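To start, the structure itself, in structure tokens.
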Number of protein chains: 2
Amino acid sequence: MANIIKYPRPMVTVDIVIFSIQNDNLKVLLIKRNIQPYKGSWALPGGFVHIEEDLDSAAKRELEEETGVKDIYLEQLYTFGDTKRDPRGRVITVAYFALIKSEDQKLDPKTDVSDADWFLAYKPLKLAFDHSKILDYALKRLQWKLEYTTVAFQFLPKKFTLTQLQKIYEIILNKTFDKRNFRKKIISLEVLEETGDITKGVSHRPAKLFQCKTKIGEILELI
Amino acid sequence: MANIIKYPRPMVTVDIVIFSIQNDNLKVLLIKRNIQPYKGSWALPGGFVHIEEDLDSAAKRELEEETGVKDIYLEQLYTFGDTKRDPRGRVITVAYFALIKSEDQKLDPKTDVSDADWFLAYKPLKLAFDHSKILDYALKRLQWKLEYTTVAFQFLPKKFTLTQLQKIYEIILNKTFDKRNFRKKIISLEVLEETGDITKGVSHRPAKLFQCKTKIGEILELI
DNA sequence: CCATGATAGTGTATTAAGTACAGGAATTTA
DNA sequence: TAAATTCCTGTACTTAATACACTATCATGG
């Protein structure tokens with residue numbers, strides 16, 4: 001390990017794949033670039049890591065800048081560092097993925113880019129840089145997380161019904177589940193508890209509202 | 001996204017957690033630092049990412065420089081980027097982990113550092129920088145991989161016995177398995193095939209030699 | 001050449017988990 | 001009070017996981 005100063009340094013960014021469920025669809029937040037390169041293209045929100053800023057902090061900051069939301073589920077996804085991924089030069093990006101609750105949807109991104117919008121995550125899109133690849137990777141990770149962890153709660157408000165939860169699974173994994181088996185499975189995980197509350201103002205039998213037993217995070221971070 | 005040139009740039013390194021099984025122990029390859037900081041401390045092998053070099057290539061290059069082995073299992077682990085992780089300044093490191101075959105053990109690292117050696121991976125060690133944290137992370141990932149993928153073959157030569165394979169699992173997961181159930185499970189995965197060969201020169205009943213059916217990699221990369 | 005030592009190799013019964021499947025209960029509205 | 005709507009639950013069947021013990025094959029040494 002020779003003198004470290006002599007190496008030309010790459011630029012480092014964070015990009016964030018922000019998922020949400022809206023109108024029974026999995027959506028991803030994209031921004032429209034108003035500068036070159038890829039001016040006019042849609043891209044993942046993100047930006048440069050400040051020199052005095054931890055990576056996670058950078059991701060949190062960018063997320064809050066782009067969407068106004070904080071204190072949500074955010075995890076590092078993968079680092080993409082091919083030499084030719086950015087025409088401006090060597091840019092290594094640490095990708096994160098974030099899940100935001102349906103109730104936070106309205107919070108329109110207040111960002112300095114020209115436009116921002118939610119897109120169907122499963123509809124193939126031409127994105128700037130290698131962002132399509134990053135999105136694909138995030139979708140795989142999301143599906144995997146859903147099958148092997150309890151990350152789905154992140155999409156829902158504090159209190160939710162089992163039918164709402166099942167819907168999340170069905171949307172993301174793109175298949176249906178038998179209601180009885182789904183409930184049996186979820187209950188057997190012993191991560192939920194009844195709140196005693198029920199849904200109000202529905203013109204049918206009201207549903208029980210559940211909530212997560214434990215602080216979210218511990219079960220999820222392991223892999 | 002303002003003018004990119006104005007940002008001070010961090011340094012970017014790759015560090016590699018190289019595991020191997022030796023004498024029925026899980027070992028990790030460490031190098032002894034002969035420059036400041038942490039002069040005299042043991043650390044993970046690694047080095048700076050060249051400006052015209054993909055991340056994966058950098059990891060492969062460092063691995064080959066340190067151990068002489070190539071064409072082995074190598075995967076990105078996690079990116080560690082806390083501001084204070086390196087006293088020399090802002091250094092973001094992309095950690096990889098690699099599994100090398102027992103038969104390649106002898107290949108002593110021919111590196112430009114003062115010393116290199118294999119250490120018991122499960123024995124807590126004080127390492128330079130945040131390398132203990134990286135090692136812990138790699139151990140978790142390795143254990144997880146073993147349970148949910150077929151990565152264990154990476155530690156073994158092309159042809160191997162089921163007992164050898166079981167031993168790998170027992171060493172890494174630190175528990176024993178019932179021989180019959182283990183074999184039943186492995187066979188049911190349908191990833192192995194008999195070679196027709198058997199072990200030679202053993203003073204007991206010879207064992208059948210198996211090999212992986214498919215090119216390694218596809219099953220493993222998904223998560 | 002036969003007895004010993006050492007590891008290889010195999011099967012069955014039990015338990016737990018996953019899957020398939022249908023009808024009654026609670027509420028609002030007309 | 002009947003209709004519409006969604007909530008809620010249990011049982012039989014299949015598949016996977018676990019617990020457990022003996023015979024087979026080879027090299028070696030007397």
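Remember, predicted model here, so these are calculated numbers, not experimental data.
Distance CD (B/Glu190) to P (D/dA16): 11 Å, rounded to an integer number of Å. In this structure, the CD atom of A/Gln164 is 14 Å from the P atom of D/dT6, given to the nearest Å. Between B/Gln166 atom CD and C/dT7 atom C1' the separation is 12 Å, expressed in whole Å. Rounded to whole angstrom, the span from the NE2 atom of B/His204 across to the P atom of C/dG9 amounts to 10 Å. Atom pair A/Phe177:CZ and C/dG18:C1' shows a separation of 13 Å (rounding to whole Å applied). For A/Leu189 and C/dA17, the CG to P distance is 11 Å, given to the nearest whole Å. Whole-Å rounding puts the B/Asn181 CG to C/dA8 C1' distance at 16 Å. Going from atom CZ of B/Phe160 over to atom P of C/dT7 covers 20 Å, rounded to whole Å.
Among the atoms of the strands shown, base atoms are found under 4.0 Å from some heavy atom of B/Lys184. Across all strands shown, B/Thr163 has heavy atoms under 4.0 Å from sugar-phosphate atoms exclusively, and none from any base.
The side chain of A/Lys208 contributes an N or O atom lying less than 4.0 Å from OP1 or OP2 of D/dT9.
Taking the centre of each ring, B/Trp144 and A/Trp144 come in below the 6.0 Å mark.
In this structure, A/Tyr137 and A/Tyr78 have tilted ring planes: the angle between them lies in the 30° to 60° band.
Both A/Lys185 and B/Thr161 lie near DNA chain C, and the one whose nearest nucleotide falls closer to the 5' end is B/Thr161. Map A/Arg180 and A/Arg205 each onto its nearest nucleotide of DNA chain D; the residue landing nearer the 5' end is A/Arg205. When the nearest nucleotides of DNA chain C are assigned to A/Lys179 and A/Val202 by heavy-atom distance, the more 5′-ward of the two goes with A/Lys179. Nearer to the 5' terminus of DNA chain D, by closest-nucleotide assignment, is the contact made by A/Pro206 (compared with the other of A/Pro206 and A/Asp178).
Interatomic distance, B/Lys167 NZ to B/Thr176 OG1, rounded to the nearest 0.5 Å: 10.5 Å.
For the pair B/Glu64/B/Val69, no side-chain contact is recorded, criterion being any heavy-atom separation below 4.5 Å from C-beta on.
Checking side-chain atoms of A/Arg141 against main-chain N and O of A/Leu77 turns up a donor-acceptor pair under 3.5 Å.
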